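Here the structure comes first, spelled out in structure tokens, and everything after it is commentary.
Below, each value reflects all heavy atoms present in this structure, side chains not excepted, and no hydrogens, waters or symmetry copies. Order of listing sets the numbers, starting from 1, for every ligand and every atom in it. This one's a predicted model, so the numbers in the text were calculated from it and none came from an experiment.
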Amino acid sequence: MEIETTGIPGCYVLQARLLRDRRGSFIKTFHTPRFEELGLRTDWREEYFSASAKGVVRGMHFQLPPVDHAKMVFCLTGEVLDVVVDLRRGSPAFGTALGFTLSAENGRGLYLPTGCAHGFVSKAEDSGMYYKVTSVHAPEQDAGIAWDSIAFDWPVSDPELSDRDRRHPRFADFETPFVFDAAKAAQ
Ligand SMILES: Cc1cn([C@H]2C[C@H](O)[C@@H](COP(=O)(O)OP(=O)(O)O[C@H]3O[C@@H](C)C(=O)[C@@H](O)[C@H]3O)O2)c(=O)[nH]c1=O
């Protein structure tokens, strides 16, 4: 596993080693000693996956304090354009939205620190997204901002959305509780 920095402090592209043989491929998505070496969190509390049809948008999601969490995501089937927005007041990247193509083919994942919103658009007929998060699901603190209220040029204009995702506040109206701490950017 190698990591690449992004324009959002503490948010990293995870480049897993993709091993191929005549049966198919093998990708390791998490290795405790390697994550510790890289200064990333290893205290994952839940994992889950979802499948999305082409053109579906999910997001932009995060959990509110005190049950906010770091998150890591990989795309196991299909392909997504994965999107991250920095919601941390005082961050040099506050409000910055970045997109990353994740697929089983490229073996790329994303590590998001606390204080970032996450979403994606599915670019394939069946995109499977796999997550780990550092706190358990808390429905009351499970929050979001509207996918189309961020500074990001989505490749879709009228995507399939959940009812919940239609109701999120706009980024400009969201009073963020997250504060940037440079010493803990990846936490
Ligand atoms: C996220 C989550 C949802 N659920 C339930 C709530 C609901 O009935 C059903 C589907 O939930 P959602 O509509 O929130 O699923 P979804 O829109 O796929 O939510 C996901 O979106 C992406 C962008 C993320 O970043 C993830 O962390 C997660 O928030 O699953 C849980 O029971 N536990 C969980 O951890």
Output every pair passing salt bridge (charged side-chain N to carboxylate O under 4.0 Å, His left out) with a member in residues 126-140, not counting sequence neighbours, ordered by first then second residue.
Glu47-Lys132

Using distance only, find each side-chain donor-acceptor pair of residues 178-187 under 3.5 Å and give its atom names and separation, not counting sequence neighbours.
residue: Asp181; atom: OD1; partner: Ala183; partner atom: N; Å: 3.0
residue: Gln187; atom: NE2; partner: Gly39; partner atom: O; Å: 3.2

So, Thr176 side chain and Leu87 main chain: donor-acceptor pair closer than 3.5 Å or not?
yes

Using a strict 4.0 Å threshold on nitrogen-to-oxygen distance, state whether Glu46 and Lys71 make a salt bridge.
no

Quick one: are Val85 and Thr96 in side-chain contact, heavy atoms under 4.5 Å?
no

Quick check for students: name every N or O atom pair between ligand 1 and the protein closer than 3.5 Å, with distances.
residue: ligand 1; atom: 14 (O); partner: Arg164; partner atom: NH2; Å: 3.2
residue: ligand 1; atom: 18 (O); partner: Arg58; partner atom: NH1; Å: 2.8
residue: ligand 1; atom: 19 (O); partner: His61; partner atom: ND1; Å: 3.4
residue: ligand 1; atom: 21 (O); partner: His61; partner atom: ND1; Å: 2.8
residue: ligand 1; atom: 25 (O); partner: Lys71; partner atom: NZ; Å: 2.7
residue: ligand 1; atom: 25 (O); partner: His118; partner atom: ND1; Å: 2.7
residue: ligand 1; atom: 27 (O); partner: Tyr48; partner atom: OH; Å: 2.5
residue: ligand 1; atom: 27 (O); partner: Lys71; partner atom: NZ; Å: 2.8
residue: ligand 1; atom: 29 (O); partner: His61; partner atom: ND1; Å: 2.8
residue: ligand 1; atom: 33 (N); partner: His137; partner atom: ND1; Å: 3.1

Side-chain atoms of residues 7-16: list all donor-acceptor pairs with protein atoms under 3.5 Å, sequence neighbours left out, distances to 0.1 Å.
residue: Gln15; atom: NE2; partner: Asn106; partner atom: O; Å: 2.9

